[in-house]
A.B. asks: 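Just dropping this structure here.
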Amino acid sequence: MFRIARNLYREGVLGINRRNAEYTLRYNERRLYPLVDDKVHTKKIAIAAGLAVPELYGVIETPYQIRTLDAVLESHPDFALKPSRGSGGNGILVISGRSKNLYRKISGILMTRDELKYHASNILSGMYSLGGHPDRAMIEYRVRFDPVFEAISYQGVPDIRIIVFLGVPVMSMVRLPTRKSDGRANLHQGAIGAGIDIGTGITLTAVSGNEIVTEHPDTGNKITGVKIPKWDTLLKLAAQCYELTGLGYVGVDIVLDKFKGPLILELNARPGLNIQIANRAGLLPRLKLIEQLQNRTNSIEERVSYAKKHFATDQISRIEKI
Amino acid sequence: MNRLHLFFLALLLTVIGLGLFLYKFLMLDFPLVPDENAYTWNIEAHIGFNAGLKPIKVSLFLPQNTNNFTIVNENFISRGYGINTMTKDFNRIASWSIRRTTGPQDLYYSAMVRRVNKKKKYVSMIPPEIENPNFEGAYLEAAESLIAEIRAKSADTGSFVAELLKRITDPQPDYNVSLLLGKQASKPKMIDLAVRLFSKAGIPTRSVHGIHLREHARNIPLAHWLEVYDNNEWQFYDPVSGSTGIPDDFLVWWRGEEPLATLEGGKNLSIALSTLLSQEEAIYSAVERERIKKPLLLKFSLFDLPIQTQAVYRILLVVPVGALLLVILRNIVGLKTFGTFMPVLIALAFRETELFYGIILFTILIALGMSIRLYLEHLKLLLVPRLASVLIVVILLMVGLSILTHELGLGRGISVALFPMVILTMTIERMSIEWEEVGPFEAFQQAVGSLIAATLAYLVMTTKYVEHLVFVFPELLLVLLALTLLMGRYSGYRLFELRRFKELSRK
């Protein structure tokens, strides 16, 4: 047991306790949390800062406003209905089109308008929010993911998670929905996580649960070695979230839209640790390297190139020797 | 800087906590473990009578310290009466007096009696004087012939006493004994006769009266004993069986032939004795002893609170122990539970139901509640009405379960009512959301985790030593706080993480 702990420490694996005590509690000020816990809020500051996000069609704040849903939906044939303060991808409803009066979910199942409104009222009552607090429902642009992911995801939208520490992207993975995860990009629910080489944007190993996989279980296509397009834009977008929120240790979730390119979906002030399993590498050496930096307030471009230089896969073995 | 600050804070708390603890333990002799033998009885004598117009004088014998018991605290409740206590021969007597009063009167004497175990024997080197037994005429002759008969059959004082008692208590007494006892041979009469015969034979003897201390009793009958002076010490004899030695639970009240209480100037005297066992611990004697010497420290102690409040704190003070355990289970082991402190609350409920039934009842309630909650899912209710419905159903289930177990004669059902139902409702709600969102497996995992945490918390919190330590030494909570604070900066791996990241350690 102690041997495993020693090995993990040598590999630089970050545990929950250390993440909380030495990173989130130290670098993320409590007062900044609302910026990222509420997605409507995040979206507003991102738009103000000129960062790309999926377009917001409308926000429902009170049960009375649910009836205004009709008007919003008239102009948009497809959309995503989400809780503003949801967690773990729960409560997200994606409508891909309609058939007469019915709405078609991405899985192909049809919903009536009443069912849609019921879902909205569930969101308002706090069913999907942390701690069950009353929430807002947001209706936004449905992301049409980039064709690069078509072969390696099952329904749902794959998203790219980048951990940004003090403005430097340190580790990244793409989360691919599977049949098991019911189209959701949540690793706990069975989605596949594939590490991405920061230097090149090419996928590395992939894990399903704790097992290493090389092919997508539903499509049978190879997951590793896929080049993520517009990788530099993605890294830059992620790095900018440091200035946007002031959070030192933040997980940035980005989707790659077919038409609009990388869009920020949400930010997370307590990003999960599974990214280490997907990358088969620990976070600690990279975080420590950045902590030792003298000049932290570099420009965004400098930070991105620093990350590409130091955290590229062929460089990582060098760091770990330090 | 931060870390140093925390370290010093924890050190300070530990030093204060341990310092107070050691001071109380070493200097004040506060017991470290619960003392099983330290029972305390509250005894009470109630004297009732009717007063005429004449001055009243009531005297009552009072119990006294013996090898087995000490009297801790005495109280006399008597409105308007003058009260006086004195020692006469081997007895203590209280006498109440009042010049003028009418109607029914109630006087109370109450005392706290604590069991002690003095090994020292009660020795008196000077043989007591023998009173004149006052036998006359035919009685004198009967007594003399009886004594002569027994003396011929016995070797020493012990066998003499045994033989004489046997003769007197014989269901078919011989001629001499039945003459001396008279027609109605009551037990006090037998003892009285025995005392007189022993005096006649030159053996110092006296009768002893008292009560057997029971857990809870009203109108306790007096018990009578004989004390015979032999080999420079008083020996107890059971007048009926003739056996020696005094039972452990016997509290000596007074000695001699006089009645327990006497009354002058009134009518219809009645005396009722009652006892109540209270399991206050030996700690009281320590507190009482030290209060006089060092009043400040003990002025603010838990023992000053009313008994019922103390009982509440007995439970409340173990909650921090459960909380610390939960910190360990969650942050160091990595066990997942529903809600942060829900397992502690469930553990508190287990105190009432006992562990085995507690787990069964909890599981049944959660399972039934879950199935109803999952059914309600189909009705698409709003959150608050849905929670309220689950709460109502939970209470109905509790009622049903109570009635069912009661009818089956299990007797455990009633205590299910002590489960915190709101907590149960929230658990059901969280579990069903977990079930829907993440899957049954995770929901079960967390439910089992909660149950394990609750069980462990129960086992720790109900340990007698733990309960005793935190109640007698509440300052230990400061040490607990220090530990918790230090654990707040624990940044090592959780036990369950070792398994989660195992893949990475093999590289």
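As the structure is a prediction and not an experimental result, all values here were calculated from the model. Letters A, B, ... mirror the listed sequences (proteins, then strands); counts begin at 1.
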A.B. asks: For a side chain to side chain contact (heavy atoms under 4.5 Å, CB included) with B:Tyr493, tell me which candidate from A:Ile4, A:Ile16, A:Asn17, A:Leu8 qualifies.
C.D. replies: A:Leu8
A.B. asks: Name the option with the most non-hydrogen atom pairs under 4.5 Å to chain B; the candidates are A:Leu124, A:Leu14, A:Asn274, A:Asn122.
C.D. replies: A:Asn274
A.B. asks: Does B:Lys336, at its NZ atom, have more than 12 non-hydrogen atoms belonging to other residues, nucleotides or ligands within less than 6.0 Å?
C.D. replies: no
A.B. asks: Report which part of A:Glu115 has an atom under 4.5 Å of a heavy atom belonging to chain B: side chain, backbone, both, or neither.
C.D. replies: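 Neither part.
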A.B. asks: On a heavy-atom basis, which atom in A:Ala21 and which in B:Arg489 lie closest, and how many Å separate them?
C.D. replies: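 It is O-NH1, 3.3 Å.
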A.B. asks: If I compare all heavy atoms of B:Arg500 with all of A:Ile277, which pair ends up nearest, and what's the gap?
C.D. replies: O-CD1, 3.6 Å
A.B. asks: So for atom OH, which belongs to A:Tyr9, do other residues, nucleotides or ligands contribute more than 12 heavy atoms lying within a distance under 6.0 Å?
C.D. replies: no
A.B. asks: Could you go step by step and tell me if A:Val13 and B:Glu497 meet the side chain to side chain contact (heavy atoms under 4.5 Å, CB included) rule?
C.D. replies: CA-CA 10 Å; A:Val13 174; B:Glu497 276 181 334; over 6 Å; no
A.B. asks: Quick check on A:Arg113: does its CZ atom have over 12 non-hydrogen neighbours (other residues, nucleotides or ligands) under 6.0 Å away?
C.D. replies: yes
